[in-house]
Amino acid sequence: MIQHEGDPSRCAVLLPGVRYFSQAPLLWFAREAAQARGWSVVEVDERAPGGEDPFEWMLGQAERALAATSAELTVVIGKSLGSVAATMVDGPAVWLTPLLTRPDIATALAAARSPALLVGSPHDPSWGEGELPDNPMLEVLELPGLDHSLQVSRDPIASLDSLRSVTQRVASFYERVEGSP
């Protein structure tokens, strides 16, 4: 786990995917957007050990990362596997390509009582084949034509455009939950 110093009262907690680590573009720029606003960041940068259930491992990592901050305002940003933390997170969150095909995650999102931003693509089976919950606390950014990494295959410029859109929405989400322009 890596901790980035910033305002101790505001913290972003980054939870990776199975093969999408905190240094990958979506999580990298979610961290950059938080730090640009002066937030502290707790970043889970490990891989699930072989032979261990990745979902149980991620829940443990999420618990440790959340325990590492005493911030008054914490926003969890989970990518794919990291979205299993929706089953335990009560506060605001950003779920990048949440695994909507998993009933436990879809149920947790449907019951969310804090603002959450969900980002995905109907072309990603973990999103498109799942059930998008009907909950007024959920803000949804759906980007057609993207894969599970929210990229356009063999088109780096279009992928950068997608990354820009996601980063702008994440930055706006931070602004809204902290209540400042």
Side-chain angles (χ1 to χ4, degrees), residues 1-99 102 104-109 111-120 126 137-139 141 148-150 163 166-180:
M1 201 170 329
I2 300 171
Q3 293 188 310
H4 304 273
E5 295 299 320
D7 179 352
S9 70
R10 299 173 298 154
C11 184
V13 173
L14 302 180
L15 304 175
V18 170
R19 288 181 289 281
Y20 200 97
F21 308 111
S22 60
Q23 296 80 21
L26 293 167
L27 292 173
W28 179 275
F29 284 101
R31 186 195 73 224
E32 289 289 314
Q35 289 181 300
R37 295 194 63 78
W39 289 47
S40 58
V41 177
V42 174
E43 177 180 338
V44 173
D45 65 336
E46 299 95 13
R47 296 177 185 207
E52 193 168 331
D53 177 78
F55 293 95
E56 290 302 317
W57 175 84
M58 178 52 70
L59 287 171
Q61 291 296 100
E63 286 175 2
R64 283 187 282 289
L66 289 166
T69 181
S70 58
E72 297 163 23
L73 174 59
T74 300
V75 173
V76 174
I77 300 96
K79 168 71 173 94
S80 187
L81 172 65
S83 69
V84 74
T87 61
M88 60 175 277
V89 170
D90 292 328
V94 175
W95 305 114
L96 304 167
T97 66
L99 302 177
R102 285 187 55 102
D104 56 337
I105 294 172
T107 299
L109 294 172
R113 295 183 307 239
S114 294
L117 171 62
L118 278 59
V119 183
S126 70
M137 297 307 292
L138 304 178
E139 173 186 343
L141 174 58
H148 190 61
S149 295
L150 296 180
L163 179 60
V166 173
T167 303
Q168 287 172 331
R169 280 299 269 282
V170 171
S172 294
F173 186 81
Y174 291 140
E175 290 175 16
R176 279 192 306 285
V177 298
E178 70 184 352
S180 65

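Counting begins at 1 with the first residue of the sequence.
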So, Ser83 side chain and Ser80 main chain: donor-acceptor pair closer than 3.5 Å or not?
yes
With a 3.5 Å cut-off and no angle check, do the side chains of Ser126 and His148 form a donor-acceptor pair?
yes
What I'd like to find out is whether the side chain of Trp95 reaches to under 4.5 Å of the side chain of Leu109, using heavy atoms alone.
yes
Residues, nucleotides or ligands: over 12 heavy atoms within 6.0 Å of Glu52 CD:
yes
Do Leu163 and Phe29 pass the side chain to side chain contact (heavy atoms under 4.5 Å, CB included) test, and can you show the C-alpha distance, the side-chain angles, and the key distance before you say yes or no?
CA-CA 8 Å; Leu163 179 60; Phe29 284 101; 3.8 Å; yes
Closest heavy-atom pair, Leu66 versus Thr74, reported as atoms and distance to 0.1 Å, is CD2-CG2, 3.9 Å
With Glu139 via salt bridge (Lys or Arg N to Asp or Glu O under 4.0 Å) - residues at least two apart:
Arg169, Arg176
Step by step, would you call Leu27 with Leu96 a side chain to side chain contact (heavy atoms under 4.5 Å, CB included)?
CA-CA 9 Å; Leu27 292 173; Leu96 304 167; 4.0 Å; yes
Check for a donor-acceptor pair, side chain of Tyr174 on one end and backbone N or O of Val75 on the other, with a separation under 3.5 Å.
no
Quick check against the 3.5 Å criterion: does Ser40 have a side-chain atom that pairs as donor or acceptor with the backbone of His4?
no
For a side chain to side chain contact (heavy atoms under 4.5 Å, CB included) check, start with the C-alpha distance between Glu46 and Trp57, then their side-chain angles and the critical distance, and finish with the verdict.
CA-CA 10 Å; Glu46 299 95 13; Trp57 175 84; 3.9 Å; yes
Could I get the full list of salt bridge (Lys or Arg N to Asp or Glu O under 4.0 Å) partners for Asp45, not counting sequence neighbours?
none
Is any side-chain heavy atom of Phe55 closer than 4.5 Å to a side-chain heavy atom of Leu99?
yes
Check Tyr20 against Lys79 and note the closest heavy-atom contact, atom names and distance.
CD2-CG, 3.6 Å
Quick one: CD on Glu63 to CE on Met58, what's the gap to the nearest 0.5 Å?
12.0 Å
Check whether Trp39 forms a cation-pi arrangement with Arg37 (NZ or CZ under 6.0 Å from the six-membered ring centre, at most 45° off the ring normal).
no
What closest approach, in Å, do Leu26 and Ser149 show between heavy atoms, and which atom pair accounts for it?
CD1-O, 3.5 Å
Show the numbers, then the answer: is there a side chain to side chain contact (heavy atoms under 4.5 Å, CB included) between Val177 and Leu73?
CA-CA 8 Å; Val177 298; Leu73 174 59; 4.2 Å; yes
Pro92 and Ser114: which non-hydrogen atoms are nearest, and at how many Å?
N-CB, 3.7 Å
Is the shortest side-chain heavy-atom distance between Val94 and Val76 below 4.5 Å?
no
CA sep, side-chain torsions, deciding dist, call: Glu43, Ser22, side chain to side chain donor-acceptor pair (under 3.5 Å):
CA-CA 7 Å; Glu43 177 180 338; Ser22 60; 2.6 Å; yes
With Gln3 as partner, the option from Val41, Thr69, Val42 fulfilling side chain to side chain contact (heavy atoms under 4.5 Å, CB included) is Val42
Quick one: closest heavy-atom pair of Ala62 and Met88, and the distance?
CB-SD, 4.0 Å
Atom CG in Leu81, atom CZ in Arg102: separation rounded to 0.5 Å?
8.5 Å
Note: Leu15 and Ala85 closest approach over all heavy atoms is CD1-CB, 3.6 Å
Between Glu178 and Arg10, does any NZ, NE, NH1 or NH2 come within less than 4.0 Å of an OD or OE carboxylate oxygen?
yes
